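Here is the structure we will look at.
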There are 2 protein chains.
Amino acid sequence: MAEHEAAREQALDAAERLFYGRGIQAVGMDAVRDASGVSLKRLYRLFPSKEALVLQFLRRRDERWRQALARHVDAYTAPDDRLLAVFDRLHTWFCEPDYRGCAFVNSFGELGGVSAEVADQARRHKQAFRDYLAALVEDSGLPAELTDQLFLLAEGAITTAAITGTAAPALHARTAARLLVRAHRQHAPAVPDSVP
Amino acid sequence: MAEHEAAREQALDAAERLFYGRGIQAVGMDAVRDASGVSLKRLYRLFPSKEALVLQFLRRRDERWRQALARHVDAYTAPDDRLLAVFDRLHTWFCEPDYRGCAFVNSFGELGGVSAEVADQARRHKQAFRDYLAALVEDSGLPAELTDQLFLLAEGAITTAAITGTAAPALHARTAARLLVRAHRQHAPAVPDSVP
DNA sequence: CAGGGGTGAGAACGAGCGTTCTCGCCCCTG
DNA sequence: CAGGGGCGAGAACGCTCGTTCTCACCCCTG
């Protein structure tokens with residue numbers, strides 16, 4: 001029954017491409033069928049409803065997005081490089097040809113007011129990203145207040161890149177991040193008193 | 001024919017409340033009629049189509065949003081206070097009970113991939129906000145690069161406040177903004193060599 | 001080879017929605 | 001007072017879409 005898994009993946013691939021590119025409500029199940037080659041009957045056996053497909057799409061996207069970020073960050077070892085690598089990853093993301101912002105922000109805007117589950121997915125995704133940033137900040141020996149500041153820069157860059165259609169916001173966010181890191185170091189300098 | 005204008009305003013008020021609160025596609029013209037008390041026939045005489053109503057809603061919201069911001073900023077005279085007042089304004093906005101993020105970001109996420117006009121409205125709105133920030137930055141004698149950095153902070157705060165449902169992002173953005181202003185002043189200090 | 005259980009393609013169904021039409025009512029003019 | 005033109009309420013229409021059903025087909029077992 002690997003057939004089953006393959007169809008599931010095809011369906012989710014198509015759903016992701018369509019939902020992300022055109023918005024969720026603008027995409028019918030017929031469009032998912034046409035794009036995936038998975039018949040309606042099978043679609044409804046794999047996912048009990050469109051809402052289930054949407055939530056699955058969001059779950060998978062969250063996982064993959066965070067994996068891609070971590071993979072990029074893990075190419076660096078120096079804590080400060082790792083912090084800034086987040087913004088490099090944003091830059092390459094923004095350069096993808098059909099970049100259209102954060103799927104979770106978009107879904108939240110479209111359905112957050114009407115579907116509690118979608119709103120929850122968005123909250124969880126952002127929370128996970130913030131937690132990840134917090135760990136990087138702590139590894140750098142920087143104060144925790146920096147986390148939210150960097151998070152806001154990243155978040156702002158994500159939506160600004162989408163709306164303006166350019167990747168420059170990643171660079172602006174990166175410079176701002178460097179300035180903030182430096183500012184925080186000046187008030188509570190180098191720090192590392194590890195291994196007491 | 002003040003009747004005409006009154007109905008128009010009622011319709012736009014209801015449309016704004018509904019579109020902003022539930023998303024655009026989740027709100028039918030019937031809902032606008034019920035909430036506004038303006039009959040369907042009249043609605044369609046006032047606005048040739050739902051899309052026209054949506055665009056009008058966005059135009060009006062852009063105008064009012066920027067007016068409210070300017071009014072708040074104009075309560076201050078010192079250039080640096082005016083800059084930071086932007087984030088205070090965000091804070092009071094986030095505290096509104098049915099705050100649900102930026103109507104333009106939400107509309108862009110929902111319809112930007114499918115309606116060029118909606119995408120355009122979002123672009124224009126963000127551009128206008130950025131221009132406004134740029135003027136404040138220039139009035140403070142600060143370097144232009146600061147503009148995009150503050151813009152990203154504001155933008156990030158707007159969506160983060162929506163998704164987390166708290167107003168704290170405004171405070172985080174404000175502190176980050178203060179740090180960035182200070183950082184920029186250290187590299188190219190006080191400046192004002194006005195009136196040569 | 002017979003038969004049946006699952007499959008795919010597409011029709012069908014029912015609800016929702018954008019838009020228009022009908023019809024009775026009211027007010028305004030001659 | 002007579003008549004008509006615009007108005008509101010809501011029905012109606014046509015389309016889309018989520019979901020299910022039909023039916024012919026294929027493959028697999030006895």
Side-chain angles (χ1 to χ4, degrees), chain A residues 1-58 106-107 109-111 113-118 121, chain B residues 1-58 106-107 109-111 113-118 121:
Chain A
M1 288 303 148
E3 183 63 32
H4 224 251
E5 271 317 300
R8 215 184 142 80
E9 289 303 297
Q10 281 172 256
L12 282 169
D13 285 347
E16 174 158 10
R17 214 169 334 117
L18 292 169
F19 289 155
Y20 178 67
R22 300 193 212 152
I24 291 171
Q25 316 212 55
V27 172
M29 294 297 271
D30 296 28
V32 176
R33 175 199 52 191
D34 293 349
S36 68
V38 177
S39 77
L40 276 181
K41 198 169 181 181
R42 199 123 111 141
L43 269 182
Y44 276 94
R45 204 161 337 102
L46 293 167
F47 310 92
S49 66
K50 185 185 181 183
E51 169 135 25
L53 175 60
V54 169
L55 291 175
Q56 205 53 46
F57 141 66
L58 289 174
N106 293 350
S107 307
E110 184 171 357
L111 298 170
V114 89
S115 157
E117 290 100 323
V118 168
Q121 283 290 325
Chain B
M1 289 299 153
E3 184 62 31
H4 223 250
E5 270 317 300
R8 213 184 144 79
E9 289 303 298
Q10 280 173 257
L12 282 170
D13 285 348
E16 175 158 10
R17 214 169 333 119
L18 293 169
F19 288 155
Y20 179 66
R22 300 193 213 153
I24 292 171
Q25 314 211 57
V27 171
M29 294 296 272
D30 296 27
V32 176
R33 176 199 51 191
D34 292 349
S36 68
V38 177
S39 77
L40 277 181
K41 196 170 181 180
R42 199 123 112 141
L43 269 183
Y44 276 94
R45 207 164 331 105
L46 293 166
F47 310 94
S49 66
K50 185 185 181 184
E51 168 137 23
L53 175 60
V54 169
L55 292 175
Q56 205 54 45
F57 141 66
L58 289 175
N106 293 350
S107 308
E110 184 171 357
L111 298 170
V114 89
S115 158
E117 289 99 324
V118 168
Q121 284 290 324

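Letters A, B, ... are given to chains in the order of the sequence lines, protein chains preceding strands, and every chain is numbered from 1. Worth saying up front: this structure is predicted, and the values here are computed from it rather than measured.
- Rounded to whole Å, atom C1' of dA9(C) lies 13 Å from atom CG of Leu43(A).
- The side chain of Tyr44(B) sits closest to dG18(C) out of dG8(C), dG18(C), dT19(D).
- Among all heavy-atom pairs drawn from Val118(B) and Ser107(B), the shortest one is CG1-O, 3.7 Å.
- Atoms CD1 (Ile24(A)) and P (dG18(D)) sit 11 Å apart, rounded to a whole Å.
- Note: CG (Leu40(A)) to C1' (dA12(C)) measures 12 Å, nearest angstrom.
- Applying side chain to side chain contact (heavy atoms under 4.5 Å, CB included) to Leu53(A) and the options Leu46(A), Val32(A), Ile24(A) leaves one that passes, Val32(A).
- Per the geometry, CZ belonging to Arg45(A) stands 19 Å off P belonging to dG18(D), to the nearest Å.
- In this structure, Phe47(A) and Leu12(A) have side chains that are in contact, with non-hydrogen atoms separated by less than 4.5 Å.
- In this structure, the CG atom of Leu18(B) is 12 Å from the P atom of dC17(C), given to the nearest Å.
- Regarding Arg33(B), its CZ atom lies at a distance of 8 Å from the C1' atom of dA9(D), rounded to whole Å.
- A straight line from CE of Met29(B) to P of dG14(D) spans 20 Å, rounded to a whole angstrom.
- When distances run from any side-chain atom of Lys50(A) to the nucleotides dG18(C), dG8(C), dG18(D), the shortest one goes to dG18(D).
- What you find for Val38(A) and Ala11(A) is that their closest heavy atoms are CG2-N, 4.4 Å.
- Within the 4.0 angstrom heavy-atom criterion, no nucleotide atom of any strand lies near Val38(B).
- Lys41(B) contributes a side-chain N or O that forms a donor-acceptor pair with the base of dG8(D) under 3.5 Å.
- Between the CZ atom of Arg42(A) and the P atom of dT19(D) there is a distance of 19 Å, given to the nearest Å.
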